[in-house]
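What you are looking at is a predicted structure, and each value in this text was computed from that prediction instead of being measured. Below, all heavy atoms of this structure are taken into account, side chains as well, without hydrogens, waters or symmetry copies. Counting from 1, the numbers follow the sequence of the chain as shown.
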Amino acid sequence: MALGVKVDMTQGSLWDKIVLFAIPVALMAFLQQLFNAADVAVLGQFAGTNAMAAVGSCGAMCSFVVSLGTGMSLGANVTIATNIGSGRMDAVRRAVHTAMLAAVGGGIILGLAGELVIEPIMAAMGIKDPEVEAMALLYMRIYLAGLPILFLYDFEAAIMRSQGDTRTPLIALAISGTVNVGLNLLFVLVLGMDVDGVASATVISSAVSSIILLWCLTHSDSIIRVNLRELAIDWPSLKRILIVGLPAGIQGALFSVSNVIVQAAVNSLDTAVMAGNSAANNIDAFSWYSLNAFGQACTTFVGQNNGARRHDRCLRTLKICFIEGYTAYAMLTTILLLFSRQLLSVFSTDPAVIDAGQLRIHFILATHLFTMVVEIMSGYLRGYGCSLPPTIIALISICVLRVLWVAFIFSADHTLFTLLMVYPVSVAVNALLTMVFTFFMRNHLARPAAAAA
């Protein structure tokens with residue numbers, strides 16, 4: 001397997017390059033979500049509702065730790081892309097090797113910290129059934145042990161995306177995902193395992209994709225080639241990765257923290273609602289990933305063009321990402337709305353589970369009208385190295401607002417409908433504040449970012 005052809009983001013048409021960049025990123029996320037959904041489906045069909053509910057209750061916490069890793073990898077993407085755009089090839093090499101070490105080191109640190117605190121966190125989640133709580137704790141312990149592997153794949157994929165290669169990570173994920181499904185069936189059907197089986201399958205298959213990308217990077221003839229003997233921390237590169245990546249990771253984690261709170265509220269309802277929420281989360285995520293793909297495209301294209309001082313192309317990138325992103329969102333949302341019940345029946349045939357899942361899908365798809373603004377605007381700002389303000393906005397509009405909603409409004413009307421209303425309300429506020437900030441900063445982004453590069 002060879003690295004895909006790199007894309008010159010600073011020259012030529014943006015319309016085709018952005019969509020050709022975003023499609024593999026979205027497909028990669030779709031495949032990842034499909035394989036995650038396979039975990040839940042195998043448990044729901046062959047291990048029972050309790051196992052399915054246990055993995056579903058872990059979704060927000062898994063998203064929390066993955067968001068930190070993905071955000072940090074975004075810092076590597078912006079740093080490397082900006083250096084490529086400015087023609088600083090030696091800086092590219094140093095940043096690539098720094099990113100590889102940062103991935104493994106960050107995964108080890110976060111994994112160890114997670115193992116220390118996961119038990120009290122699970123106790124605070126308010127899961128009513130002791131068996132479900134025990135299963136969820138086991139799943140999370142195995143998942144946290146595999147974080148260095150999961151983070152390594154994210155960083156390797158980010159390194160490749162920095163020069164426009166989104167094809168190779170997609171191929172690697174397709175291979176590892178196939179391994180994941182096969183291991184799920186082996187561990188659950190043949191060996192009689194349940195949540196420990198699907199968690200182990202996730203870690204093992206992630207190791208497969210990480211090894212594939214590592215082989216590609218060490219055998220590449222491009223500027224992002226990895227030489228294992230040159231692995232070392234370049235402190236200026238690490239600082240730049242952290243400046244962009246840490247706020248991005250925290251922002252994603254804030255969404256997940258608020259979702260943990262919402263999940264705890266879901267757990268206060270019955271098991272059917274928990275299972276339906278878990279199934280719907282695996283389905284409506286497909287829509288979110290299409291939005292996120294254009295956000296990542298915006299970050300990478302703005303990063304390269306900012307490095308090349310092509311700020312007119314940065315603004316054009318923003319506009320095109322909105323047009324193409326909303327087009328993709330409309331098409332996918334239509335499909336999900338038409339076939340939501342059929343898709344939910346893959347996870348469970350219980351009518352109560354399907355009804356609860358369908359209600360969540362409708363709310364989340366409506367919320368994504370505002371999520372598109374947040375993803376693309378935040379991606380635009382991060383491409384310029386402006387990563388902290390979107391995080392602060394998310395803290396106010398997402399985390400704080402959702403905590404208050406659950407504490408006061410949901411407590412007054414203890415229904416799933418009232419709980420799900422928190423999603424469109426909070427994301428709409430986030431989108432409005434992000435748009436206002438970007439508007440007032442539009443004439444100030446290029447100068448400090450160019451100086452930092």
Side-chain angles (χ1 to χ4, degrees), residues 27-63 66 122 127 129 131-146 149-150 153 172-209 263 266-267 271-286 289 336 339-354 356-358 360-361:
L27 288 175
M28 186 166 62
F30 291 168
L31 282 177
Q32 200 162 27
Q33 188 61 32
L34 185 63
F35 299 136
N36 291 342
D39 292 352
V40 180
V42 168
L43 290 175
Q45 296 293 341
F46 304 109
T49 302
N50 281 355
M52 179 180 171
V55 174
S57 68
C58 294
M61 287 179 290
C62 291
S63 178
V66 169
M122 290 302 306
I127 301 175
D129 191 324
E131 182 183 359
V132 174
E133 182 179 354
M135 286 181 171
L137 180 60
L138 176 60
Y139 181 89
M140 285 304 304
R141 288 203 180 281
I142 298 172
Y143 191 88
L144 289 168
I149 297 171
L150 298 172
Y153 171 80
L173 184 65
I175 295 172
S176 68
T178 304
V179 172
N180 184 33
V181 173
L183 290 176
N184 280 339
L185 296 174
L186 172 65
F187 291 156
V188 176
L189 292 181
V190 179
L191 300 182
M193 302 169 72
D194 43 61
V195 295
D196 54 340
V198 297
S200 300
T202 297
V203 174
I204 294 170
S205 61
S206 296
V208 171
S209 59
Q263 181 64 51
V266 170
N267 294 345
T271 303
V273 172
M274 290 176 62
N277 190 73
S278 173
N281 184 55
N282 283 280
I283 295 173
D284 59 45
F286 285 100
Y289 284 127
L336 293 178
F339 300 102
S340 58
R341 295 195 70 86
Q342 291 88 335
L343 292 170
L344 288 166
S345 65
V346 173
F347 299 92
S348 175
T349 56
D350 185 340
V353 172
I354 293 175
Q358 190 172 35
R360 176 190 165 91
I361 288 175

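Here the OG1-CG distance, from T178 to L183, works out to 11.0 Å after rounding to the nearest 0.5 Å. Here the straight-line distance linking atom CG of N184 with atom CE of M193 works out to 10.5 Å at 0.5 Å rounding. Interatomic distance, N50 CG to E133 CD, rounded to the nearest 0.5 Å: 12.5 Å. Interatomic distance, CZ of R360 versus OG of S340, reported as 13.5 Å (0.5 Å rounding).
Between S206 and L150, the closest heavy-atom pair is OG-CD2, 2.9 Å. Nearest heavy atom pair, residue M122 against residue L137, reads CG-CD1, 3.9 Å. Between A51 and M135 the shortest heavy-atom distance is CA-SD, 3.6 Å. Shown here for S176 and S209, the closest heavy-atom pair between the two residues is OG-CB, 3.5 Å.
Side chains of L344 and V353 form no contact here, defined as non-hydrogen atoms less than 4.5 Å apart.
Partners of R141 under the salt bridge (Lys or Arg N to Asp or Glu O under 4.0 Å) rule, at least two apart in sequence or in another chain, are E115, E119.
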For residues 195-204, which side-chain N or O atoms pair as donor and acceptor with protein atoms under 3.5 Å away, sequence neighbours left out?
{"residue": "D196", "atom": "OD1", "partner": "D194", "partner atom": "N", "Å": "3.0"}
{"residue": "S200", "atom": "OG", "partner": "D196", "partner atom": "O", "Å": "2.8"}
{"residue": "T202", "atom": "OG1", "partner": "D39", "partner atom": "OD2", "Å": "3.3"}
{"residue": "T202", "atom": "OG1", "partner": "V198", "partner atom": "O", "Å": "3.0"}

